[in-house]
Amino acid sequence: TDLNHIRNFSIVAHIDHGKSTLADRLIQETNTVADRDMKEQMLDSMDIERERGITIKANTVRIEYTSDNGDDYVLNLIDTPGHVDFAYEVSRSMRAVEGSLLVVDSTQGVEAQTLANVYQAIEADHEIVPVLNKIDLPASECDRVAEQIEDVIGIDATGAIQVSAKTGVGIRETLEAIVNELPAPKGDADAPLKAMLVDSWYDAYLGVIVLVRIIDGKLKKGDRIRMMSTDAVYPVDRVGVFTPEMKPIDELGPGEIGFLTASIKQVRDTRVGDTITHEKKGTTEALPGFKPAQPVVFCGLFPVDNAEFEDLRDSIEKLALNDASFSSEMETSAALGFGFRCGFLGLLHLEVIRDRIEREYNIELITTAPSVIYHVYLKDGSMIELHNPADMPDLSTVDHLEEPRIKATIMVPDEYLGDVLKLCQDRRGIQMDLTYAGSRAMVVYDLPLNEVVFDFYDRLKSVTKGYASFDYQMIGYREDNLVKMSILVNDEPVDALSTMVHRDRAEMRGRAMVEKLKDLIPRHMFKIPIQAAIGGKVIARETLSAMRKDVTAKCYGGDATRKKKLLEKQKAGKKKMRQFGKVDIPQEAFISALKMD
Ligand code: GTP
């Protein structure tokens with residue numbers, strides 16, 4: 001296809017504003033997929049994505065469209081993940097296209113993620129077409145929302161297209177706007193090959209599939225390509241496009257978006273944002289700004305049943321093949337046995353992986369408290385990156401600690417602002433900005449990431465009845481008074497319950513934790529002290545008193561079946577316990593104790 005008849009675009013939207021529904025409509029309107037094959041939400045390919053209603057992996061579709069001007073166009077849509085954890089992937093996908101549709105729910109207005117993603121689009125120099133969706137709903141307020149787009153984002157929204165992705169109104173206008181308002185890609189077919197690696201994933205039949213955007217040159221089956229970040233060379237088996245099914249074609253030229261396969265064994269061998277060129281006569285200039293995505297949140301994953309450790313290892317290895325930003329290494333815990341310390345892009349990423357292990361591989365897991373990476377500066381001047389509170393070096397060797405901070409943007413209706421400010425303040429936030437757009441406030445906070453990884457998002461949703469939206473970016477490390485808090489049960493430290501906390505909040509956290517544990521640990525035949533400690537110093541303490549009677553005693557001797565049932569129940573309960581010294585701690589205790597309220 002000649003460059004003038006190609007348009008490459010992405011759709012920017014806040015979760016639930018209708019991105020997937022609109023994409024489906026565009027595909028349907030152009031008959032890219034026969035109606036009978038049309039599954040709802042064509043682009044969300046994984047089941048888990050469909051269930052949770054979130055888009056995780058970037059996907060793409062090539063749409064052929066005959067414009068009202070009589071010409072045939074190829075429209076390439078790259079779907080981008082909507083969640084903040086995947087911001088880096090969003091930024092790469094954005095660089096692979098020239099324009100964006102900015103979809104805003106006309107009953108809701110601009111939200112924090114709309115902002116974050118639209119800024120990425122602006123940074124990538126996109127032409128942006130605003131689309132007001134859900135105009136079929138009575139609560140739709142197009143004028144107000146258009147004005148808000150102008151006020152908050154600062155782009156012209158007078159020509160915003162009014163759409164109902166549900167009923168199909170405005171879909172044709174949207175396709176025309178893509179052709180008429182978005183720029184055609186530029187590129188030189190005769191220059192050496194330069195292609196951007198936009199995404200990659202593992203396919204059971206074809207191996208690793210690489211999504212590429214050709215900048216210059218041509219890519220054909222049989223070519224030998226080189227990944228510029230690693231210098232690895234591969235012969236190309238296939239090139240093709242997504243219709244959205246994979247369709248092999250002879251070659252991909254400049255401006256085009258498609259896939260290649262090249263007997264690449266694992267997704268880890270491909271790096272999002274890398275430049276692909278030919279082995280011989282390749283380009284010498286890599287695309288700018290390449291950096292591999294780094295995990296920022298770590299936690300331990302342990303099988304509830306120790307016998308499932310090998311299965312867990314298997315499942316983690318399989319998932320890692322398909323997810324370069326998920327890291328893992330073996331970990332042993334005195335409390336939990338053998339497991340893995342895993343790194344994730346964020347909390348959602350963590351939840352998705354944990355769910356997949358539990359559901360697809362059928363392994364019940366204990367997840368330890370998520371932790372960020374602390375920088376521990378030792379007295380000898382060296383620095384270590386601490387991924388696990390259990391590895392905290394002896395205090396006498398430590399000079400100071402630094403923790404990662406984020407810039408959080410929260411948008412919220414006026415009436416909840418007070419609660420949001422309080423929440424941020426409670427989490428050691430520093431207010432950076434507060435502005436209004438109509439009846440919504442936009443507040444920007446500098447917050448410690450570790451205060452956010454536990455349950456910040458849940459708390460935010462609950463204090464604002466679901467009306468707040470939230471987005472963040474990392475801003476760097478800062479020193480603070482941070483300590484490791486250990487939990488001792490019957491005088492033995494339970495490593496899986498160690499957490500890093502701010503010194504000023506340690507007593508409060510420690511108290512909450514021991515109180516919870518007191519309720520969660522069943523009574524034993526002896527009394528059990530439960531303590532929170534920093535270094536050797538106990539900062540909170542509870543005592544679980546001893547059990548007085550045999551549990552079966554209250555069954556009045558007579559009823560044998562009842563007694564048997566009770567014993568069986570007790571036995572089943574035991575299986576879910578972790579023996580710790582002389583104390584049995586139920587698995588729920590680990591999960592519940594680590595949640596804060
Ligand atoms: P993520 O995949 O989570 O990023 O969400 P999304 O932005 O892709 O939203 P999605 O397309 O899944 O739509 C969210 C909800 O809004 C769904 O229940 C849709 O059926 C509904 N919806 C989308 N467009 C319209 C519309 O034009 N009118 C109405 N009434 N509902 C719509």
Side-chain angles (χ1 to χ4, degrees), residues 9-29 32-33 38-61 63 77-87 89-91 93-94 100-118 120-121 128-142 144-146 149 160-175 177 199 244 345-349 351-352 355 411 457 461 466-471:
F9 70 106
S10 62
I11 304 179
V12 167
H14 186 73
I15 285 172
D16 278 348
H17 282 201
K19 183 174 71 170
S20 309
T21 313
L22 178 66
D24 287 351
R25 277 288 170 183
L26 297 176
I27 293 169
Q28 208 174 24
E29 178 75 23
T32 304
V33 180
M38 190 76 196
K39 283 180 283 195
E40 225 187 284
Q41 311 229 322
M42 215 49 226
L43 287 176
D44 289 354
S45 61
M46 281 166 31
D47 279 352
I48 198 159
E49 292 185 25
R50 203 165 300 166
E51 260 173 50
R52 300 185 143 226
I54 45 164
T55 312
I56 299 163
K57 267 281 163 215
N59 268 307
T60 184
V61 62
I63 298 170
L77 164 60
I78 290 193
D79 190 22
T80 52
H83 194 274
V84 36
D85 283 5
F86 305 97
E89 294 185 14
V90 176
S91 92
S93 315
M94 295 275 187
S100 284
L101 300 181
L102 166 62
V103 177
V104 181
D105 181 337
S106 62
T107 69
Q108 303 285 331
V110 173
E111 293 291 346
Q113 273 164 4
T114 323
L115 276 181
N117 287 335
V118 86
Q120 296 231 27
I128 296 169
V129 173
V131 172
L132 304 174
N133 190 32
K134 307 199 187 181
I135 60 162
D136 58 292
L137 293 175
S140 165
E141 293 180 275
C142 288
R144 181 183 70 80
V145 173
I149 292 176
I161 309 167
Q162 304 194 357
V163 169
S164 167
K166 186 172 177 188
T167 64
V169 173
I171 296 302
R172 193 83 200 167
E173 289 80 347
T174 305
L175 288 162
D199 195 7
L345 295 175
L347 272 195
L348 176 78
H349 189 208
E351 271 176 42
V352 167
D355 275 15
M411 298 197 66
Y457 195 55
K461 286 279 169 196
Y467 284 112
S469 57
F470 166 69
D471 200 78

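Order of listing sets the numbers, starting from 1, for every ligand and every atom in it. Keep in mind that this is a model prediction, so the values were computed, not measured.
- The option from Leu137, Val169, Ile15, Val163 that lies nearest to atom 4 (O) of ligand 1, judged by heavy atoms, is Ile15.
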Stepwise side-chain hydrogen bond (donor to acceptor under 3.5 Å, both in side chains) check, Ser100 with Ser10: CA-CA 5 Å; Ser100 284; Ser10 62; 3.1 Å; yes

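- For the pair Met411/Leu115, a side-chain contact is recorded, criterion being any heavy-atom separation below 4.5 Å from C-beta on.
- Counting heavy-atom neighbours within 6.0 Å of Lys166 NZ, excluding the residue itself, gives a total of 12 or less.
- Only the side chain of Asn133 comes within contact range of ligand 1, with a heavy atom under 4.0 Å; no backbone atom does.
- Between the SG atom of Cys142 and the CD1 atom of Ile135 there is a distance of 6.0 Å, given to the nearest 0.5 Å.
- Two residues are said to be in side-chain contact when any heavy atoms from C-beta on lie closer than 4.5 Å; Leu26 and Ile63 meet this criterion.
- Note: no N/O pair closer than 3.5 Å links Ala13 and ligand 1 by distance alone.
- Interface of His14 with ligand 1, defined as ligand atoms under 4.0 Å from a residue heavy atom, comprises 7 (O).
- Contacts with ligand 1 closer than 4.0 Å are made by heavy atoms of both the backbone and the side chain of Lys19.
- An N or O contact shorter than 3.5 Å links Ala165 to ligand 1 by distance.
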